[in-house]
There are 2 protein chains.
Amino acid sequence: MPKSRSEIPVATVSRLALYLRELQQLQRGATVHVRSQSLAERLGLKDSQVRRDLSCLGPVGQRGVGYPVPDLIVAIERVLGTDRAWNVILVGAGNLGRALSGYKGFDQQGFRLVAVFDSDPQKIGSKVEEFPVQDLDSLESFIANTQIDLAILAVPASAARSVASRLEAAGIAGILNFAPIAVHSSGSTTVQDVDLAIELQRLAFSVVRNQRPQ
Amino acid sequence: MPKSRSEIPVATVSRLALYLRELQQLQRGATVHVRSQSLAERLGLKDSQVRRDLSCLGPVGQRGVGYPVPDLIVAIERVLGTDRAWNVILVGAGNLGRALSGYKGFDQQGFRLVAVFDSDPQKIGSKVEEFPVQDLDSLESFIANTQIDLAILAVPASAARSVASRLEAAGIAGILNFAPIAVHSSGSTTVQDVDLAIELQRLAFSVVRNQRPQ
DNA sequence: TAGATTGTTAATCGATTAACAATC
DNA sequence: TAGATTGTTAATCGATTAACAATC
């Protein structure tokens, strides 16, 4: 039987997004069915883990056959919440922010950039993709007048907390935080951190662990 | 007693990098000691978890006082392997690659960009930061002549596997992969994936789970 | 039906937490 | 010493895995 969202383990949620990525690739290749073993091999997992994860969606597989790719895509998107469009604003039009604004992967997954903000007078008015950079001062009024779901926070660490508070106060439901600082969320706003330097540190650790397996 | 790198739980390694970031901030503020409770609050963790994690480093704390900030920084950097400089190349000089090349956080943590590669003739020869973009064809010869530790892979998904194989064959120890595709590593090369669209999907899931807590 | 693969169980493994003795 | 905080234990919690009955 399908699990409700709150019953799905967090570790499973992370992998559901990975499965979705593979499935979308399979669908582009017109693959109709996929076995748990095949998905597992592609992602470096155990087949039993894939089956357990997918069983959270309900009985979507076909015994003796595998999982129907299109059905599985729909089921995962429904659980993740990406079966609808999400309106996203970008705060911070620096190098990283500009790169993120043009990132194709966001659009492909239904995340729609609708506005860009920065506090730098030199940047305000210039264009990022097709969006004129708006003054950070107008953040609240813009959010009040537009249905915005998420914000991508790509400002310096020194500004991150203050901007995050304002986003929360304005009622943004989720923040994807690229600033290298812990941002505390109040009750209703969810914060997801992506720290690029930390990812590189994790990689470095894996390397030194492999190099001298003590 | 200190644990060897292979004995440290993976979950702990991820947090050690977070502790390091906080500690560096504390050190800039000239804080001498920090208690587990204080670190825990800053990062939204339990104090007992902080103490358990830090105990992997050996007895670096002072009972009744807390952890000496400078000593703790040194101990974490030594375990993570970031107590030395790492030479890094960037493959892929698109929007994301260019943003990553200028990312301050890498430099601050001892990761030194030394070269940039791309296969696009339009980009080859142009400058990214102070680095002229080199032809991807010269990847192997460059790596053979320079001590390179890590590669940041910021090419399209369609090119990622082929470039990753070449990096592995050339003896690169670790790859930070930003391409939205599973890259399989052979024995000696470690791959760390960062998929930005997947991070946004995880955020979306947290939001829908919070909005309708079933 | 026979063959194959899912869905699910039970066992194992690893991570988190509270509590407190050790000790600065 | 008294107060405070670490380091560590034991219990709990959650995630992974192998195995196999269910069933397409």
Side-chain angles (χ1 to χ4, degrees), chain A residues 1-19 22-23 26 31-72 75-76 79 202 205 209, chain B residues 1-19 22-23 26 31-72 75-76 79 202 205 209:
Chain A
M1 62 223 73
K3 287 191 176 178
S4 73
R5 289 204 181 92
S6 54
E7 287 169 330
I8 300 180
V10 289
T12 294
V13 172
S14 295
R15 285 189 298 267
L16 285 176
L18 287 172
Y19 301 145
E22 289 299 319
L23 290 162
L26 288 168
T31 303
V32 178
H33 289 97
V34 65
R35 289 174 297 136
S36 55
Q37 200 188 50
S38 159
L39 269 179
E41 273 169 19
R42 286 163 162 267
L43 291 166
L45 306 170
K46 300 277 163 134
D47 56 337
S48 55
Q49 176 154 81
V50 172
R51 289 197 298 280
R52 177 166 261 280
D53 285 341
L54 296 182
S55 74
C56 293
L57 307 168
V60 71
Q62 292 171 7
R63 294 177 200 229
V65 180
Y67 298 88
V69 172
D71 296 9
L72 199 46
I76 294 178
V79 163
R202 282 181 192 158
F205 176 83
R209 175 160 58 183
Chain B
M1 61 221 74
K3 288 192 176 177
S4 73
R5 288 204 181 93
S6 54
E7 288 169 331
I8 301 180
V10 289
T12 294
V13 172
S14 295
R15 285 188 298 265
L16 285 175
L18 286 173
Y19 300 144
E22 289 300 317
L23 289 162
L26 287 167
T31 302
V32 179
H33 290 97
V34 65
R35 290 175 296 136
S36 55
Q37 199 187 52
S38 160
L39 268 180
E41 272 168 19
R42 286 162 161 268
L43 291 166
L45 306 170
K46 299 277 160 129
D47 56 336
S48 55
Q49 177 153 79
V50 172
R51 289 197 298 280
R52 177 165 261 279
D53 285 341
L54 296 182
S55 73
C56 293
L57 307 169
V60 70
Q62 293 172 6
R63 293 176 201 232
V65 180
Y67 299 87
V69 172
D71 296 7
L72 199 46
I76 294 178
V79 164
R202 282 182 192 157
F205 176 83
R209 176 161 58 184

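Each chain gets a letter, A, B and so on, in the order the sequences are listed, and its residues count up from 1.
If you check C:dA21 for Watson-Crick or wobble pairing at under 3.5 angstrom, you find it paired to D:dT6. Across all strands shown, C:dA15 forms a Watson-Crick or G-U wobble pair, both distances under 3.5 Å, with D:dT12.
Rounded to whole angstrom, the span from the CG atom of A:D53 across to the P atom of C:dT8 amounts to 14 Å. The separation between A:D47 atom CG and D:dC20 atom P is 14 Å, rounded to whole Å. The CD-C1' distance, from A:Q49 to C:dT8, rounds to 15 Å in whole Å. When the C1' atom of C:dC13 is taken as reference, atom NZ of A:K46 falls 12 Å away, rounded to whole Å. Between the CZ atom of A:R35 and the P atom of C:dG3 there is a distance of 17 Å, given to the nearest Å. Here D:dG7 presents its C1' atom at 11 Å from CG of B:L54, a figure rounded to the nearest Å. With rounding to whole Å, A:L39 atom CG is found 13 Å from C:dT6 atom C1'. Rounding to whole angstrom units, CD of residue A:Q37 and C1' of D:dA18 are separated by 14 Å.
Listed pair B:S36 / D:dT6 meets the phosphate criterion, a side-chain N or O lying under 4.0 Å from OP1 or OP2. Between C:dT6 and A:Q62, no contact under 4.0 Å exists linking OP1 or OP2 to a side-chain N or O.
Between B:Y19 and B:I76 there is a side-chain heavy-atom pair separated by less than 4.5 Å. A 4.5 Å side-chain heavy-atom check between B:L26 and B:R42 finds at least one atom pair inside the cut-off.
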Give the intermediate values and the outcome of side chain to side chain contact (heavy atoms under 4.5 Å, CB included) for residues A:R51 and A:D47. CA-CA 6 Å; A:R51 289 197 298 280; A:D47 56 337; 3.4 Å; yes
Could you walk me through whether A:V10 and B:R209 pass the side chain to side chain contact (heavy atoms under 4.5 Å, CB included) check? CA-CA 11 Å; A:V10 289; B:R209 176 161 58 184; 4.0 Å; yes
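The residue A:V50 sits apart from the nucleic acid: no heavy atom pair falls under 4.0 Å.
Nearest-nucleotide assignment on DNA chain D puts the 5′-proximal partner with B:P59, out of A:V65 and B:P59. Of the two residues contacting DNA chain C, namely A:R52 and A:G66, the nearest-nucleotide position lying further toward the 5' end is that of A:G66.
Side-chain proximity of A:S48 to D:dA15, C:dT17, D:dA18: nearest is D:dA18. Counting only heavy atoms from C-beta on, A:Y67 has its side chain closest to C:dG7 among D:dT16, C:dG7, C:dT16. Nearest to the side-chain atoms of B:R63 among the listed nucleotides C:dT5, D:dA19, C:dA22 stands C:dA22.
Side-chain N/O atoms of B:R51 and base N/O atoms of D:dT5 include no donor-acceptor pair closer than 3.5 Å.
In this structure, A:Q49 contributes its side chain and A:K46 its backbone to no donor-acceptor pair below 3.5 Å.
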